[in-house]
Amino acid sequence: LTSEDINQSLTTPTAITLFESYPAGSIVTLAQNSAKGNINIDITNNIIKDLSQAYIFDTLQDAIVSTVVLPVGKVLNLKERSTGSGGGATWDVVLSSSVTENGYNIVQCTGVPTLSLVLRANRVINVKQWGGVGNSDNISDLLLQAFTLGSGYNYIFNAGNYKYSKELLFPTYSKIQLHPTASLIKDESWINQNGLILDSFCEIFGGNIDGNFRNFTNFITIFIFKFF
């Protein structure tokens with residue numbers, strides 16, 4: 001509250017201390033309590049409490065460290081996964097006791113440890129939204145975690161080179177969509193090991209795959225712009 005806010009509501013200067021932090025959009029109401037002769041402070045926050053309105057954070061880290069106590073079921077829209085890396089996505093607020101944090105699509109808040117955030121997949125796994133950054137990260141563990149969601153997901157790889165150093169078995173009915181300039185490349189430590197493996201009825205579109213590619217079945221459609 002500013003001094004101007006106080007003076008508009010009170011006839012004498014009054015110090016008011018708020019013990020919780022509230023983001024932009026908070027509504028602070030001062031009401032006279034005639035029975036006790038003092039001021040009641042009613043703090044409401046429509047943006048936070050209204051589950052029909054998504055709350056916006058710039059990055060996932062901003063949401064993790066926030067001390068705002070968000071209600072379970074609140075929807076968060078993140079502009080980016082991390083600053084400058086893109087990967088904006090929708091996340092849901094849940095109780096930490098109801099999930100197991102993995103650092104990819106399920107993360108625990110540090111500002112309010114009883115809360116965790118879960119990335120909405122909607123049958124699409126965008127590697128960038130999961131924290132994979134082309135030309136820098138080894139995405140083996142990220143993909144292995146994503147595979148636990150089961151079959152029928154669409155995996156999207158944005159532009160860049162994505163290194164892997166473990167055998168990767170894409171589940172049944174997976175669709176792997178690579179940007180025309182995206183590549184899945186074996187890490188030097190894995191160069192002589194098995195590469196990508198597709199279970200049945202999988203498809204690959206675009207991009208480059210550098211590895212010992214082999215199939216589990218004959219029911220696989222492959223569309224690759226460049227394969228080597």
Side-chain angles (χ1 to χ4, degrees), residues 1-6 9 14-31 33 38-133 136-150 153 156 158:
L1 294 178
T2 66
S3 58
E4 289 76 17
D5 294 328
I6 297 296
S9 303
T14 303
I16 298 177
T17 301
L18 303 182
F19 294 96
E20 297 182 15
S21 61
Y22 292 84
S26 297
I27 301 173
V28 178
T29 303
L30 304 181
N33 187 326
N38 57 14
I39 300 294
N40 288 340
I41 303 174
D42 177 32
I43 302 176
T44 59
N45 191 306
N46 292 333
I47 293 178
I48 291 176
K49 294 182 178 181
D50 187 351
L51 296 183
S52 68
Q53 297 187 65
Y55 193 75
I56 299 174
F57 285 99
D58 288 334
T59 67
L60 178 60
Q61 184 63 20
D62 291 339
I64 289 173
V65 302
S66 173
T67 58
V68 176
V69 182
L70 297 164
V72 172
K74 185 66 177 177
V75 176
L76 305 184
N77 285 339
L78 306 187
K79 296 178 181 179
E80 296 183 284
R81 173 85 183 206
S82 58
T83 302
S85 69
T90 300
W91 294 69
D92 294 300
V93 178
V94 301
L95 289 175
S96 296
S97 59
S98 67
V99 294
T100 300
E101 191 270 345
N102 59 35
Y104 297 109
N105 66 320
I106 304 175
V107 296
Q108 185 176 10
C109 298
T110 58
V112 185
T114 56
L115 298 178
S116 289
L117 308 178
V118 178
L119 174 64
R120 284 193 184 181
N122 295 325
R123 312 308 297 181
V124 174
I125 295 174
N126 187 316
V127 172
K128 185 175 288 188
Q129 293 176 347
W130 279 59
V133 179
S136 62
D137 291 341
N138 186 310
I139 61 167
S140 301
D141 291 336
L142 182 157
L143 288 176
L144 290 173
Q145 183 63 49
F147 294 163
T148 65
L149 296 181
Y153 280 83
I156 297 177
N158 302 96

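Both backbone and side-chain heavy atoms feed into the values below; hydrogens, waters and symmetry mates do not.
- Inter-residue side-chain proximity for Ile56 and Lys79 is flagged as met; some heavy-atom pair is nearer than 4.5 Å.
- A heavy-atom distance below 4.5 Å is not found between the side chains of Val93 and Pro71.
- Minimum interatomic distance between Ser116 and Val99 (heavy atoms only, all atoms of both residues): CB-CG2, 3.9 Å.
- Side chain of Thr59 to backbone of Asp62: a donor-acceptor contact under 3.5 angstrom is found.
- Of the possible polar contacts, one joining the Asn126 side chain to the Lys128 backbone as a donor-acceptor pair under 3.5 Å is found.
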Please assess Leu76 against Thr90 for the test side-chain contact (heavy atoms from CB on, under 4.5 Å), listing each intermediate value before the final yes or no. CA-CA 6 Å; Leu76 305 184; Thr90 300; over 6 Å; no

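- Expressed to the nearest 0.5 Å, how far CD of Glu80 lies from OG of Ser85 amounts to 5.5 Å.
- Separation of atoms CG (Leu60) and CG (Leu119) is listed at 9.0 Å; rounding is to 0.5 Å.
- Heavy atoms only, all atoms of each residue included: Gly73 and Leu51 are closest at C-CD2, 3.9 Å.
- No donor-acceptor pair closer than 3.5 Å links the side chain of Arg81 to the backbone N or O of Gly86.
- A salt bridge between Asp92 and Arg120 is present, with a side-chain N of the basic residue lying under 4.0 Å from a carboxylate O of the acidic one.
- One finds the CG atom of Asn77 at 12.0 Å from the CG atom of Asp58 (value rounded to the nearest 0.5 Å).
- Of all the heavy atoms in Leu149 and Ala121, the pair that sits closest is CD1-CB, 4.5 Å.
- The shortest distance between side-chain heavy atoms of Leu115 and Val72 falls below 4.5 Å.
- Two residues are said to be in side-chain contact when any heavy atoms from C-beta on lie closer than 4.5 Å; Val124 and Tyr153 fail this criterion.
- Pairing each heavy atom of Ala63 with each of Leu78, the nearest pair is CB-CD2, 4.2 Å.
- By the 4.5 Å heavy-atom criterion applied to side chains, Asp141 and Tyr104 are counted as neighbours.
- With contacts defined as side-chain heavy-atom distances shorter than 4.5 Å, the pair Val112/Leu70 does not qualify.
- Using a 4.5 Å cut-off on side-chain heavy atoms (C-beta onward), Val75 and Tyr55 make no contact.
- At distances below 3.5 Å, at least one donor-acceptor pair connects side-chain atoms of Lys74 with backbone N or O atoms of Gln53.
- In this structure the side chain of Val107 reaches within 4.5 angstrom of the side chain of Trp91, judged on heavy atoms.
- Using modelled atom types, no side-chain atom of Gln108 and backbone atom of Thr110 make a donor-acceptor pair closer than 3.5 Å.
- Atom SG of Cys109 sits about 10.5 Å away from atom CD of Glu101, to the nearest 0.5 Å.
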